[in-house]
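Notes follow the structure.
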Amino acid sequence: RRQRQMCKETASDLFEKGYRICFENAGSDHPVTLEFEYSLANCFLEIRQLKSAYKLFKDLFERYNRILGEKHPNTIIVKKRMELLKTVLK
């Protein structure tokens with residue numbers, strides 16, 4: 001179990017590095033940047049870093065809603081995860 005946790009933490013480090021590189025080179029709204037941020041948020045969720053996951057899902061929701069619209073599947077999924085985490089963090 002400890003090894004699995006370490007593997008997930010390493011994955012989150014890699015997604016965070018990828019996100020920063022994409023953000024710096026392509027901007028926050030680039031599709032690849034959004035995918036890295038989504039993957040990082042899910043990693044944080046998996047390793048129970050719930051506040052960090054919530055912050056990223058909230059940020060993603062705002063951008064997905066603006067870029068893709070409120071009815072897009074990605075927007076809906078991120079909104080549901082954000083709302084779930086909001087209730088858990090109360």
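Residue numbers run from 1 in the order of the sequence given.
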Residues 17-28 side chain polar contacts: donor-acceptor under 3.5 Å, at least two apart:
unit_1: Arg20; atom_1: NE; unit_2: Glu16; atom_2: O; d: 3.4
unit_1: Asn25; atom_1: ND2; unit_2: Ile21; atom_2: O; d: 2.8

If you look only at distance, which donor and acceptor atoms sit under 3.5 Å apart when one is on a side chain in residues 79-90 and the other is two or more places apart or in another chain?
unit_1: Arg81; atom_1: NH1; unit_2: Tyr38; atom_2: OH; d: 2.9
unit_1: Arg81; atom_1: NH1; unit_2: Asn42; atom_2: OD1; d: 2.5
unit_1: Thr87; atom_1: OG1; unit_2: Leu84; atom_2: O; d: 2.7

Inset, instruction - Check whether Phe36 and Phe44 end up in the same hydrophobic cluster, where Ile, Leu, Val, Met, Phe, Trp and Tyr are linked by side-chain heavy atoms less than 4.5 Å apart. - result: yes
Contacts table for residues 64-78: side-chain donor-acceptor under 3.5 angstrom, sequence neighbours left out:
unit_1: Asn65; atom_1: OD1; unit_2: Glu70; atom_2: N; d: 3.2
unit_1: Arg66; atom_1: NH1; unit_2: Asp29; atom_2: OD2; d: 3.1
unit_1: Arg66; atom_1: NH2; unit_2: Asp29; atom_2: OD1; d: 3.0
unit_1: Arg66; atom_1: NH2; unit_2: Asp29; atom_2: OD2; d: 3.1
unit_1: His72; atom_1: ND1; unit_2: Asn74; atom_2: N; d: 3.0
unit_1: Thr75; atom_1: OG1; unit_2: Tyr64; atom_2: O; d: 3.4
unit_1: Thr75; atom_1: OG1; unit_2: Gly69; atom_2: O; d: 2.9

Inset, instruction - Quick one: pull up CD1 in Ile47 and OG in Ser12 and give me the separation to the nearest 0.5 Å. - result: 4.0 Å
Tabulate below the donor-acceptor pairs under 3.5 Å that side-chain atoms of residues 50-60 make, not counting sequence neighbours, or state none.
unit_1: Asp59; atom_1: OD2; unit_2: Arg63; atom_2: NE; d: 3.4
unit_1: Asp59; atom_1: OD2; unit_2: Arg63; atom_2: NH2; d: 2.6

